[in-house]
Amino acid sequence: MSTIFKRLLDHFGPQGWWPAETPFEVMVGAILTQNTSWKNVERAIENLKNAGCLTPERITSCPLNELRELIKPAGFYNQKALYLKELSRFLLDHPLEELATLPTHELRRLLLSIKGIGKETADSILLYVFNRPVFVADRYSHRVFSRLGIWRGPYRYEEIRSLVEEEMKDPEELKEFHALVVELAKNYCRPQPRCDACPLKDLCSFNREGE
DNA sequence: CACCAGGTTGACC
DNA sequence: GGTCAACATGGT
């Protein structure tokens, strides 16, 4: 696992995730990017910035219809507008300084209680906002680990997360690793793979089927 | 034209 | 516990 990380870092270089100016922007981006390309999320965030709506206060006071229009480029805008309202309400009730004092498992439980925040979004926030040592075990990681023969069987979020967290404890490394796995999968591990140019070609076991 | 994207929810079994 | 359709825009 650590070897793979070094290989990826060597090949792609530091990815600099998460791209955002404030912790709140990270959280908003984490919700908006759910099953959505980052390119579309950028437009939505740009709209929110231009409207001065990138704080919990302004999103809470923003009319729902207006909020929907602002984030439209990110897709699923009806439910995501509600999710952003939920998140903002939560943050007004629980300041970041308070949340930062909680142990990771309690903070995760709190985040998961917010409608619109599931496991992956919660872990993205734990990692990129609160610097907690967690791995974001998204579908890309499952695809990559399956192709590398590290993981057999179906996609199970918690099990893949544990697999990585047992070996890697440094939040900074976990941040980069998640970003690098995404980069690898996007470029070389598509449904129609291009294993010829893959930087981990020599490690890839393609004799087995199963995503 | 079909398929994919930095998932989550609620219904159902 | 697990599975599944619905959700919506923009790029390839």
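So you know, we letter chains A, B, ... as the sequences are listed, proteins then strands, and number each from 1.
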(request) Check the angle between the aromatic planes of A/Y188 and A/H11 and answer parallel, tilted or perpendicular using the 30° and 60° thresholds. (result)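 Perpendicular: the ring planes of A/Y188 and A/H11 meet at over 60°.
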(request) Give me the ring orientation class for A/F5 and A/F177: parallel if the planes are under 30° apart, tilted from 30 to 60°, perpendicular past 60°. (result)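 Judged by the thresholds at 30° and 60°, the geometry between A/F5 and A/F177 is perpendicular.
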Distance check needed: [N] [atom2] versus [X] [atom1], whole Å only.
{"X": "A/W38", "N": "C/dG11", "atom1": "CH2", "atom2": "P", "answer": "16 Å"}
{"X": "A/I160", "N": "B/dG7", "atom1": "CD1", "atom2": "P", "answer": "13 Å"}
{"X": "A/H142", "N": "B/dG6", "atom1": "NE2", "atom2": "P", "answer": "18 Å"}
{"X": "A/W17", "N": "B/dG6", "atom1": "CH2", "atom2": "P", "answer": "7 Å"}
{"X": "A/E158", "N": "C/dG2", "atom1": "CD", "atom2": "C1'", "answer": "14 Å"}
{"X": "A/K186", "N": "B/dA5", "atom1": "NZ", "atom2": "C1'", "answer": "9 Å"}
{"X": "A/R139", "N": "B/dG7", "atom1": "CZ", "atom2": "P", "answer": "7 Å"}
{"X": "A/L32", "N": "C/dG10", "atom1": "CG", "atom2": "C1'", "answer": "15 Å"}

(message) Return whichever of A/L112 or A/T33 has its heavy-atom-nearest nucleotide of DNA chain B closer to the 5' end.
(response) A/T33
(request) For A/I114 and for A/H178, locate the closest nucleotide of DNA chain B by heavy-atom distance; then report the residue assigned to the nucleotide nearer the 5' terminus. (result) A/H178
(message) I want to check one thing: is the phosphate of B/dG6, taken as OP1 and OP2, less than 4.0 Å away from some side-chain N or O of A/Y140?
(response)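 For B/dG6, OP1/OP2 do have a side-chain N/O of A/Y140 under 4.0 Å.
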(request) Would you please confirm or rule out a distance under 4.0 Å between OP1 or OP2 of C/dC7 and any side-chain N or O of A/Y77? (result) no
(request) Please check if atom NZ in A/K115 has more than 12 non-hydrogen atoms from other residues, nucleotides or ligands closer than 6.0 Å. (result)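 No, because the 6.0 Å sphere around NZ of A/K115 holds 12 heavy atoms or fewer from other groups.
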Using atom [atom1] in both nucleotides, what's the gap between [N] and [M] to the nearest angstrom?
{"N": "B/dC3", "M": "C/dA5", "atom1": "P", "value": "14 Å"}
{"N": "C/dG10", "M": "B/dT8", "atom1": "P", "value": "22 Å"}
{"N": "C/dA6", "M": "B/dG6", "atom1": "P", "value": "23 Å"}

Taking the side chain of [X] as its heavy atoms from C-beta onward, which of [options] lies nearest to it?
{"X": "A/N35", "options": "C/dT9, B/dG6, C/dA8", "value": "C/dA8"}
{"X": "A/R43", "options": "C/dC7, C/dG11, B/dG6", "value": "C/dG11"}
{"X": "A/Q79", "options": "C/dA8, B/dA5, B/dG6", "value": "C/dA8"}
{"X": "A/R156", "options": "B/dT8, B/dG6, C/dT3", "value": "C/dT3"}

(request) Consider only side-chain N and O atoms of A/S2 and A/E167, and report whether a donor and an acceptor are under 3.5 Å apart. (result) no
What does [X] touch in the nucleic acid at a heavy-atom separation under 4.0 angstrom: a base, only the sugar-phosphate, or nothing?
{"X": "A/I31", "value": "nothing"}
{"X": "A/K80", "value": "nothing"}
{"X": "A/F76", "value": "base"}
{"X": "A/K115", "value": "sugar-phosphate"}
{"X": "A/E120", "value": "sugar-phosphate"}

(request) Could you tell me whether A/R43 and A/E46 have a side-chain N and a carboxylate O separated by less than 4.0 Å? (result) no
(request) Measure the shortest side-chain to side-chain distance between A/F76 and A/Q34 over non-hydrogen atoms and say whether it is less than 4.5 angstrom. (result)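 A side-chain contact under 4.5 Å is absent here.
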